[in-house]
Amino acid sequence: MQRKEAELGILFVDQAYRLIPMQKSDDKDYGLEALEEIMLVMDNGKVVVILTGYSESMKQVITSNEGFCRLVTKFFTFDDFMTEDLAKILHLKMNNQTEGIKQRYKSRARMKSRFVHKVMRDPNGASKG
């Protein structure tokens, strides 16, 4: 990401906890470098940054850098879905898919009916008289 591209917009970072290395390694980890770039963008105030991730992991990200703690000012925590909630979501999606299938079927049936009607009226391109 280039900082210029993010200005006056929204930067959405899913699984932001991956920016912090889980363990020290000899390999170059670009997550911390990316976090520093994100901080620069946040500091200029021209972009909204949304970081998502699991609560405990995100606490580690936010506390990983003192300056970052200062920049992150709003937190939203969402409860995990319960089994009943997931069942309702699945039911809604299935109903929506079923409705879409019904609509496509009705549309195709109308087209077929028009075609059959036209062929019956004029199978050779000439009007039956």
Side-chain angles (χ1 to χ4, degrees):
M1 172 202 67
Q2 301 231 344
R3 277 185 274 156
K4 272 284 196 217
E5 292 174 11
E7 287 185 5
L8 303 174
I10 298 173
L11 174 62
F12 185 89
V13 182
D14 192 15
Q15 300 179 357
Y17 52 85
R18 291 184 173 200
L19 295 172
I20 304 301
M22 293 299 189
Q23 58 190 10
K24 299 287 183 202
S25 68
D26 295 333
D27 296 338
K28 177 71 174 159
D29 188 320
Y30 295 102
L32 295 175
E33 190 176 323
L35 188 58
E36 289 174 13
E37 284 293 316
I38 291 170
M39 288 173 53
L40 287 172
V41 170
M42 292 172 74
D43 202 32
N44 75 17
K46 294 181 180 179
V47 66
V48 173
V49 178
I50 300 171
L51 305 167
T52 68
Y54 298 107
S55 295
E56 290 305 313
S57 300
M58 291 305 298
K59 286 177 187 174
Q60 290 176 349
V61 172
I62 293 164
T63 58
S64 69
N65 182 302
E66 189 176 313
F68 197 56
C69 291
R70 180 182 53 80
L71 294 170
V72 178
T73 58
K74 302 277 190 248
F75 299 90
F76 300 93
T77 304
F78 299 94
D79 294 331
D80 291 337
F81 285 113
M82 302 299 293
T83 305
E84 296 82 19
D85 298 326
L86 294 171
K88 287 177 187 175
I89 291 168
L90 176 62
H91 189 263
L92 286 170
K93 288 198 165 284
M94 288 173 64
N95 281 342
N96 288 342
Q97 278 188 337
T98 302
E99 283 303 312
I101 291 168
K102 284 180 186 176
Q103 292 301 323
R104 286 192 298 273
Y105 176 77
K106 286 178 184 177
S107 176
R108 287 181 184 154
R110 279 192 298 268
M111 287 173 53
K112 182 178 178 183
S113 175
R114 287 183 197 140
F115 176 75
V116 168
H117 180 70
K118 184 176 181 179
V119 168
M120 293 300 289
R121 284 187 61 215
D122 191 5
N124 297 320
S127 180
K128 286 186 177 179

Can you tell me how far apart CE (M39) and CE (M42) are? Round to the nearest 0.5 Å.
8.0 Å

Would one find more than 12 heavy atoms of other residues, nucleotides or ligands at under 6.0 Å from atom CG of N95?
yes

Linking I/L/V/M/F/W/Y whenever their side-chain heavy atoms sit closer than 4.5 Å, directly or via other members, would L86 and M94 fall into one cluster?
no

Nearest heavy-atom pair of A16 and V61: which atoms, and what distance?
O-CG2, 3.8 Å

Test item: L51 and F68 side chains (from C-beta on) under 4.5 Å apart, heavy atoms:
yes

If you count heavy atoms of other groups shown closer than 6.0 angstrom to CZ of F12, is the number above 12?
yes

Test of understanding: clusters of I, L, V, M, F, W, Y form through side-chain heavy atoms closer than 4.5 Å, transitively. Do F75 and Y17 belong to the same one?
yes

Return the minimal non-hydrogen interatomic distance between L11 and V47, and the atom names on each side.
N-CG2, 4.0 Å

Does V49 reach the side chain of L71, with side-chain heavy atoms less than 4.5 Å apart?
no

Just verifying a value: how many Å separate M58 CE and I20 CD1, rounded to the nearest 0.5 Å?
9.0 Å

dist Y54:OH -> T77:OG1 (nearest 0.5 Å) comes out at 14.5 Å

So how far is it from L40 CG to L35 CG, rounded to the nearest 0.5 Å?
10.0 Å

Output the distance between atom OG1 (T98) and atom NE2 (H91), rounded to the nearest 0.5 Å.
8.5 Å

Heavy-atom side-chain proximity of K59 to E56 below 4.5 angstrom:
yes

